[in-house]
Enquirer: 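Pasting in a structure now, in structure tokens, and then I'll have a few things to ask.
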Amino acid sequence: MVIYYLLAFCNLAWAFLEIRCCSHRRKRGVSIECEALLSLSLPLYTALNLQWLLHSVMGCFSLSVSFLYWTIIHPSHQHSLTAFNINIHFINSVQTAVDLLLSCTPVHLTHFIYPVLAAILYIIFAVVYWLMGGTNQSGQPYIYSILDFGGRPLLATLSILGVCLVCLPFCQLLLWKLQLLREWMVDCEKLRWMAVKREVWWWVKVSGGTDSGLMASLDPSVSVFESTRWRDLMEDQLSQSLTLV
């Protein structure tokens, strides 16, 4: 989650600077062939795809950790409800939901394959950790009780299959449902002003555009990850501006 948030912050700052610099050059007439304001450079496009990948992995893992902990681990071990415990097993899912609702990151059901691949890497790590004699904070030879490969190998195997084949796809479905909720909220007249304010900020404050060319480009469902749609919209706006000039 930390890596995802750091990357998302860097990408936002990167996009801000690119658009601002492009707008500044266009106003000065230094580069008439400047790219459309929101067409993405290849490095930024790659960084955004990495952010999208981490978003899928982070979202599914956050919901899975919360669900598995409060339904299996906590009832059997009765861990104390400390601030640290609540933060890593509950607030993580809250952050995931808020991040999804406040952004335009798309969620595809088929992307559950990425969390599954990440889970396989984690399982390999857990097996190697157990083979090398690693223990948890209580000195027991496993990270979680459901991953006790030495004492209860059948339970560990069933747990792994259940997480990879049931839990992670179900969490991806929940994220997809949250995306549908976000789209429904944007379509509501009372909440549409949030999307309008976002568009005004990027178009007027960042890119230096005018209010006259703003309303035609308003589309709350457009995502920066869908670069083709952004490019088409902004190229139309740029061509109209050059025609007027």
Side-chain angles (χ1 to χ4, degrees), residues 1-9 11-12 15-16 38 40 47-72 74 86-119 162-203 206 214-234:
M1 292 185 72
V2 171
I3 295 174
Y4 165 74
Y5 286 128
L6 287 175
L7 180 60
F9 172 77
N11 285 341
L12 177 62
F16 181 94
L38 286 181
L40 306 177
L48 284 169
N49 276 277
L50 178 59
Q51 177 185 331
W52 195 3
L53 171 65
L54 291 177
H55 181 272
S56 298
V57 175
M58 180 270 297
C60 276
F61 269 48
S62 297
L63 297 180
S64 297
V65 165
S66 297
F67 174 76
L68 294 174
Y69 179 81
W70 294 109
T71 58
I72 299 177
H74 181 72
I86 295 176
N87 182 59
I88 63 175
H89 295 126
F90 176 71
I91 302 300
N92 57 338
S93 294
V94 174
Q95 290 179 355
T96 297
V98 171
D99 176 79
L100 182 59
L101 291 175
L102 293 181
S103 70
C104 286
T105 307
V107 177
H108 299 318
L109 291 177
T110 55
H111 285 185
F112 81 91
I113 189 65
Y114 302 129
V116 170
L117 293 176
V163 169
C164 292
L165 300 180
V166 179
C167 187
L168 290 178
F170 178 74
C171 289
Q172 185 73 10
L173 177 64
L174 289 181
L175 293 175
W176 182 69
K177 291 291 186 180
L178 279 177
Q179 176 191 239
L180 296 182
L181 174 62
R182 180 187 67 198
E183 294 176 356
W184 174 81
M185 292 173 62
V186 170
D187 290 335
C188 293
E189 290 297 331
K190 293 183 178 180
L191 296 175
R192 185 177 173 82
W193 64 272
M194 297 174 61
V196 174
K197 287 182 66 177
R198 181 202 68 193
E199 197 76 14
V200 168
W201 187 81
W202 276 102
W203 178 251
V206 179
L214 174 64
M215 297 308 296
S217 67
L218 284 180
D219 186 357
S221 62
V222 173
S223 167
V224 71
F225 296 95
E226 306 291 349
S227 59
T228 302
R229 298 184 63 192
W230 269 111
R231 187 179 299 110
D232 292 341
L233 284 172
M234 300 315 298

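Everything numeric in this text was worked out from a predicted model, so none of it was measured.
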Enquirer: Apply side chain to side chain contact (heavy atoms under 4.5 Å, CB included) to Leu181 and Leu178, showing your working.
Expert: CA-CA 5 Å; Leu181 174 62; Leu178 279 177; 4.3 Å; yes

Enquirer: For Tyr114, enumerate each residue passing the side chain to side chain donor-acceptor pair (under 3.5 Å) test, keeping only those at least two apart in sequence or located in another chain.
Expert: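 Applying side chain to side chain donor-acceptor pair (under 3.5 Å) to Tyr114 gives none.
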
Enquirer: How would you list all residue pairs meeting side-chain hydrogen bond (donor to acceptor under 3.5 Å, both in side chains) that involve residues 56-68, not counting sequence neighbours?
Expert: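 Of all non-adjacent pairs touching residues 56-68, those that pass side-chain hydrogen bond (donor to acceptor under 3.5 Å, both in side chains) are Ser62-Thr96, Ser66-Asn92, Ser66-Ser93.
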
Enquirer: Kindly write out the residues that satisfy side-chain contact (heavy atoms from CB on, under 4.5 Å) with Val107, not counting sequence neighbours, or none if the list is empty.
Expert: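 Val107 satisfies side-chain contact (heavy atoms from CB on, under 4.5 Å) with His55, Leu100, Gln172, Leu175, Trp176, Gln179 once adjacent residues are dropped.
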
Enquirer: Within the structure provided, determine whether Pro106 and Trp52 are in side-chain contact (heavy-atom separation under 4.5 Å).
Expert: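 When only atoms from C-beta onward are counted, Trp52 and Pro106 do touch, with a gap below 4.5 Å.
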
Enquirer: List the residues meeting side-chain contact (heavy atoms from CB on, under 4.5 Å) with Leu50, not counting sequence neighbours, and say none if there are none.
Expert: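 Expected list: Leu7, Leu53, Leu54.
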
Enquirer: As an exercise, state the distance from CG of Asn11 to CG of Asn49, rounded to the nearest 0.5 Å.
Expert: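 Between atom CG of Asn11 and atom CG of Asn49 there are 10.0 Å.
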
Enquirer: Do you know the tightest heavy-atom contact between Val57 and Ala118?
Expert: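 Residues Val57 and Ala118, closest heavy atoms: CG1-CB, 3.8 Å.
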
Enquirer: Set out, in order, the CA-CA distance, both residues' side-chain angles and the distance that settles side chain to side chain contact (heavy atoms under 4.5 Å, CB included) for Tyr69 and Ile88, then state yes or no.
Expert: CA-CA 10 Å; Tyr69 179 81; Ile88 63 175; over 6 Å; no

Enquirer: Please determine whether the number of non-hydrogen atoms from other residues, nucleotides or ligands lying under 6.0 Å from atom CZ of Phe9 exceeds 12.
Expert: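 No, not enclosed.
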
Enquirer: Tell me every residue that passes side-chain contact (heavy atoms from CB on, under 4.5 Å) with Val2, counting only those two or more places apart in sequence or in another chain.
Expert: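 Per chain and number, Val2 pairs via side-chain contact (heavy atoms from CB on, under 4.5 Å) with Leu6.
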
Enquirer: Let me confirm one number: the CZ-SG distance from Phe61 to Cys171, rounded to the nearest 0.5 Å.
Expert: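 Result: 10.0 Å between the selected atoms.
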
Enquirer: Please report the shortest heavy-atom distance between Thr105 and Ser103, naming the atom on each side.
Expert: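 Looking at all heavy atoms of both residues, the shortest contact is OG1-OG, 3.2 Å.
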
Enquirer: Quick one: side-chain contact (heavy atoms from CB on, under 4.5 Å) partners of Phe67, sequence neighbours excluded?
Expert: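 Residues passing side-chain contact (heavy atoms from CB on, under 4.5 Å) with Phe67: Thr71, Cys167.
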
Enquirer: More than 12 heavy atoms of other residues, nucleotides or ligands under 6.0 Å from CG of Leu117: yes or no?
Expert: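 Atom CG in Leu117 is packed in, count exceeds 12.
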
Enquirer: Are any of the side-chain heavy atoms of Phe170 and Leu63 separated by less than 4.5 Å?
Expert: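 No - every pair of side-chain heavy atoms lies 4.5 Å or more apart.
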
